[in-house]
Amino acid sequence: MNDLLGSVWWMIVAIGVLVTFHEFGHYWVARRCGVKVLRFSVGFGRPLGSRRNRHGTEFAIAAIPLGGYVKMLDEREGDVATSELSGAFNRKPVLQRIAIVAAGPIANLLLCVALLWGMFVIGRPDYSATLGQVDGMAASAGFQVGDRFESIDGRPVRTWMDALQILTTAAIDGHDAEVAVVDAAGQPHSRVLPLSRLADGFNQESVGREAGLAWQHQMAPAVVGKTVPGLPADGVLLAGDHITAIDGNRIRSFSEIGPRIQALGERGGSAMIEVDRQGERLALELQPVRRRDNGDGPEYWALGLAPPETAMPAVHDAVQRFGPVAAIPAAFRETGRMAADALGMMRRMLTGHASVKNISGPVTIAQVANATAKRGVAWFLFFLALVSLSLAIINLLPIPVLDGGHLLYYLIELVKGSPLSERSMVAGQYVGLALLAGLMGLAFYNDILRLVS
């Protein structure tokens, strides 16, 4: 219930912020062009509260918090007094109308840059693109546990999400990815992940797993939860001990302990276990013993360790932070990168290369809003920036009823020298509504599939 309420609340906050900026863009440019704005509403339906400024604009907060609008004086929507005709939107030159309509998406773009600037100044904690487990295709290609991705196909990789996004795009395009890594010993290597060999119909939402990659932060930390009575670790290692190395080999996750102990047991002799015990570094000598579970299973070498019953959070090792000045170009670069990735994914979906399962609806967005809010201010700012950019791109699509559809009408008017006929515009509105209804239906369908899967 708390997650549900949190998702609803943060979704409302996000929509409120993003819609207010979007509509303020329309409002601000309209006022500069001399258009009379009748209402600036955040939300739809019955106003919960409103006030009117000296220019006659009513500012309202409405009951349904799923969008907003700016209503301007327009002869197409009602009678306009002769004395007010100069302030009607439809009477303005086409270039001014283009500026007014484009101002909303532009406001969302600028907001995206501002939000990313704030995120970089605060610092967004994240995880490096370090491998915690390798098998299948990745193992055959020479990738190893502890490899840290530095770049993929020449694009720099700062976090595991960067790596996953670039790999997903490469997999959808069906080409192999050239990956520059630094191994566990600090040595650079160039490896090639043969993503072109992925089977047809692979899961585009889990390219990492399909390729045999698991990230280090997804693995259980090498922390002792308890020891098994009567086995070597009993009384030597304590609950909470963080195992950092075994026989000089660095340990990054609990899953690495078993294979390392097995190898030591087969070799014979004791092992030096290095641990961090509440900040104190210790080196403890233990000798593995042979063990068989339930008296009839296969024998294996063991120390008698078990992980904590409750999963421990991984330590952030890739914080993205800049000073206030350096964060400005970083925010513009990140906005450009995100926009290019979003447009590229849209192109791939339109051409049938990317799955339409990548489209998310309000349920998924609300869940992500709640999850990022829990992770801190910087993460929530990143979420707002991403959605703000998405709103800008979607609104610029040349679909009637969206800002991009109106811009298309005005560009046609600019070229032909006269407005489109009322009949053509109405027909376009119906087509646009049908397209939006289909898109929203698909988004809801994907949301439902994610909930039940």
Considering all heavy atoms of both residues, which atom of S7 and which atom of N370 are nearest to each other, and what is their separation? OG-CB, 3.5 Å
Does a donor on one side chain and an acceptor on the other come within less than 3.5 Å for [X] and [Y]?
X	Y	result
D317	S128	yes
H189	D183	yes
S270	E285	yes

Pairwise distance [atom1]([X]) to [atom2]([Y]) - rounded to 0.5 angstrom:
X	Y	atom1	atom2	result
L282	D241	CG	CG	7.5 Å
D126	M161	CG	CE	5.0 Å
H242	I251	NE2	CD1	9.5 Å

Stepwise salt bridge (charged side-chain N to carboxylate O under 4.0 Å, His left out) test for D162 and R155: CA-CA 9 Å; D162 289 345; R155 291 183 59 179; over 6 Å; no
Run L131 and V134 through side chain to side chain contact (heavy atoms under 4.5 Å, CB included) and show every step you take. CA-CA 7 Å; L131 296 179; V134 179; 3.7 Å; yes
Distance flag, aromatic centroids of [Y] and [X], threshold under 6.0 Å:
X	Y	value
F59	Y27	yes
W28	F40	no
W117	F322	no

Test side chain to side chain contact (heavy atoms under 4.5 Å, CB included) on Y300 and Q262; report intermediate values, then the result. CA-CA 7 Å; Y300 62 94; Q262 186 70 19; 3.6 Å; yes
Check for a donor-acceptor pair, side chain of [X] on one end and backbone N or O of [Y] on the other, with a separation under 3.5 Å.
X	Y	value
R148	A129	no
D176	S196	yes
E210	N203	yes

Restricting to salt bridge (Lys or Arg N to Asp or Glu O under 4.0 Å), what partner residues turn up for R209, sequence neighbours left out? none
What residues, two or more places apart in sequence or in another chain, satisfy salt bridge (Lys or Arg N to Asp or Glu O under 4.0 Å) together with E334? R158, R337
When you measure from the centre of the six-membered ring of F120, is the NZ or CZ of R321 closer than 6.0 Å and no more than 45° off the axis? no
Lys/Arg cation over aromatic W379: R124, 6.0 Å, 45° cone: yes
Show every donor-acceptor pair shorter than 3.5 Å between a side-chain atom in residues 97-114 and any protein atom, with sequence neighbours excluded, or say none if there are none.
from : atom 1 : to   : atom 2 : distance (Å)
R97  : NE     : K92  : O      : 2.9
R97  : NH1    : E413 : OE1    : 3.0
R97  : NH2    : K92  : O      : 3.4
R97  : NH2    : E413 : OE2    : 2.8
N108 : OD1    : H22  : ND1    : 2.7
N108 : ND2    : S388 : OG     : 3.2

Answer yes or no: is there a side-chain heavy-atom contact under 4.5 Å between [X] and [Y]?
X	Y	result
W10	F383	no
T168	I172	yes
E256	V145	yes
L116	M338	yes

Is atom CD of Q278 surrounded by more than 12 heavy atoms (other residues, nucleotides or ligands) closer than 6.0 Å? no
Near R277 CZ, under 6.0 Å, is it more than 12 heavy atoms from other residues, nucleotides or ligands? yes
Give the intermediate values and the outcome of side chain to side chain contact (heavy atoms under 4.5 Å, CB included) for residues R191 and V181. CA-CA 7 Å; R191 312 195 197 281; V181 306; 3.6 Å; yes
